[in-house]
K.L.:
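Before we start, here is the structure in question, set down as structure tokens.
Just so it is clear: chains get the letters A, B, ... in the order the sequence lines come, proteins before strands, and each one is counted from 1. For the numbers below, each heavy atom of this structure counts, side chains included, while hydrogens, waters and symmetry mates do not.
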Amino acid sequence: MTIKERYRRAMEWFQTAIPEAETELHYKSPFQLLVAVILSAQCTDKRVNMVTPPLFEAYPTAEAMSTASLDDIYSYIKSVSYPNNKAKSLLGAAKMLVEEYNGEVPSDIDSLMRLPGVGRKTANVMLSVVWNKAAMAVDTHVFRVSERIGLTTGSKTPLQTEKELCRYIPEELIPRAHHWLILHGRYVCKARRPDCLNCGLTQVCRYYMQESKKG
DNA sequence: AACTCGGGGCA
DNA sequence: TGCCCAGAGTT
């Protein structure tokens with residue numbers, strides 16, 4: 001099966017199979033999404049969802065957060081923060097937003113990646129979710145699913161995966177494909193014990209083929 | 001590009 | 001208990 005055929009089948013699935021589920025789309029502002037995504041790194045969504053309501057009540061905007069003290073921010077996110085780093089990232093990002101971007105979240109990748117706590121993945125999430133741009137944020141879900149169903153072939157780094165996916169997926173479908181890959185990876189094509197019975201892509205899936213052989 | 005970081009989830 | 005995780009930051 002050619003790579004284009006694999007993509008064609010995946011695209012068909014993308015159109016029909018978005019599951020009903022909580023997504024990053026449930027955010028009140030770009031700033032609050034940014035904070036949530038920064039906190040999400042190395043941490044489960046559940047725990048992030050525990051701390052964000054009180055955090056956003058205290059600091060609903062970049063401006064509000066930028067004037068807070070490190071300790072105050074830290075007190076809100078203790079349970080999802082490693083010693084010292086995330087409160088610093090949040091405060092630093094809030095300050096940079098206020099000082100350099102008029103309190104708004106910028107919409108280009110270079111500006112986003114200058115923010116503390118924001119790497120390539122987080123920056124691409126913002127571009128994709130907030131501005132619907134043709135950005136592919138490669139996290140482990142996207143990486144794993146793409147490898148299994150053959151959209152990538154042995155990509156070694158997230159950046160290589162990102163480039164390969166963007167090469168074959170039509171620009172206007174990239175935000176949807178991104179959304180789909182993440183949800184599919186989270187709820188169906190899980191790292192351990194994936195729900196292959198609920199997946200429409202078993203015909204193109206290397207993982208499924210392997211498991212089938214095992215019996 | 002490879003390494004570090006470090007609490008949580010899971011076997 | 002020990003292994004792996006998921007990203008950002010560092011070298």
Side-chain angles (χ1 to χ4, degrees), chain A residues 21-24 27 30-52 54-55 62 65 70-71 73-97 100-101 105-106 108-130 133 135-148 151-166 177-195 207 210-211 214:
Chain A
E22 286 182 37
T23 76
E24 295 111 330
Y27 67 96
F31 172 71
Q32 293 192 3
L33 177 65
L34 180 68
V35 169
V37 177
I38 288 175
L39 290 177
S40 295
Q42 303 127 337
C43 186
T44 59
D45 291 354
K46 258 185 198 170
R47 299 176 67 224
V48 173
N49 291 337
M50 297 282 288
V51 302
T52 45
L55 180 67
M65 189 177 287
L70 202 54
D71 284 346
I73 295 174
Y74 184 57
S75 72
Y76 284 95
I77 64 169
K78 271 194 170 106
S79 61
V80 294
S81 174
Y82 297 144
N84 84 26
N85 53 7
K86 290 210 182 177
K88 260 185 207 167
S89 292
L90 292 184
L91 180 56
K95 282 186 170 168
M96 189 179 288
L97 291 179
E100 300 185 31
Y101 301 101
V105 178
D108 66 280
I109 191 164
D110 292 331
S111 300
L112 285 165
M113 286 180 66
R114 288 188 54 233
L115 297 166
V118 178
R120 185 166 199 91
K121 183 261 182 178
T122 301
N124 275 326
V125 168
M126 301 305 291
L127 294 178
S128 180
V129 176
V130 177
K133 291 195 175 186
M136 180 59 71
V138 178
D139 61 6
T140 55
H141 294 315
V142 172
F143 190 88
R144 180 180 66 253
V145 175
S146 299
E147 286 292 303
R148 283 180 176 171
L151 298 185
T152 51
T153 53
S155 299
K156 293 293 188 294
T157 69
L159 183 55
Q160 286 175 305
T161 299
E162 180 182 327
K163 285 181 177 170
E164 196 167 357
L165 290 174
C166 288
H178 167 239
H179 188 195
W180 181 89
L181 286 166
I182 287 171
L183 293 181
H184 191 61
R186 184 175 299 159
Y187 297 108
V188 180
C189 194
K190 295 174 287 192
R192 290 184 288 269
R193 309 210 303 144
D195 281 335
Y207 178 92
Q210 273 186 350
E211 292 302 302
K214 287 183 190 172

K.L.:
Ignoring hydrogens, what is the shortest heavy-atom contact between A:Pro30 and A:Met126? Give both atom names and the distance.
P.N.:
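Residues A:Pro30 and A:Met126, closest heavy atoms: O-CE, 3.3 Å.
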K.L.:
From CZ of A:Arg193 over to P of B:dC10, roughly how many Å is that when rounded to an integer?
P.N.:
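A:Arg193 atom CZ is separated from B:dC10 atom P by 11 Å.
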K.L.:
Round to the nearest Å and state the distance from A:Gln160 atom CD to B:dA2 atom P.
P.N.:
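So the two atoms are 10 Å apart, to the nearest Å.
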K.L.:
Nearest whole angstrom, please: distance from the P of B:dG8 to the NZ of A:Lys86.
P.N.:
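To the nearest whole Å, that distance equals 12 Å.
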K.L.:
Which nucleotides of nucleotides 5-11 of chain C have their base under 4.0 Å from a protein heavy atom (B), which only their sugar-phosphate (S), and which neither (-), written as one string 5' to 3'?
P.N.:
-BBSS--
K.L.:
Give a yes or no on whether A:Lys190 atom NZ has more than 12 heavy-atom contacts from other residues, nucleotides or ligands under 6.0 Å away.
P.N.:
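More than 12 within 6.0 Å, yes.
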K.L.:
May I ask you to test the A:Ser111-A:Val105 pair for a side-chain heavy-atom distance under 4.5 Å?
P.N.:
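No, every pair of side-chain atoms sits at 4.5 Å or beyond.
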K.L.:
Please give me the minimum heavy-atom distance between A:Ile109 and A:Ala123, naming the atom from each residue.
P.N.:
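Nearest heavy atoms, A:Ile109 then A:Ala123: CG1-CB, 3.9 Å.
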K.L.:
Is there a donor-acceptor pair under 3.5 Å between the side chain of A:Lys121 and the backbone N or O of A:Ala137?
P.N.:
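The answer is no, because no donor-acceptor pair under 3.5 Å joins these two groups.
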K.L.:
Donor-acceptor check, side chain of A:Thr52 to backbone of A:Val48, threshold 3.5 angstrom: yes or no?
P.N.:
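Confirmed, A:Thr52 side chain pairs with A:Val48 backbone.
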K.L.:
Whole angstroms only, please: what is the CD1-P distance between A:Ile77 and B:dG7?
P.N.:
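Answer to the nearest Å: 15 Å.
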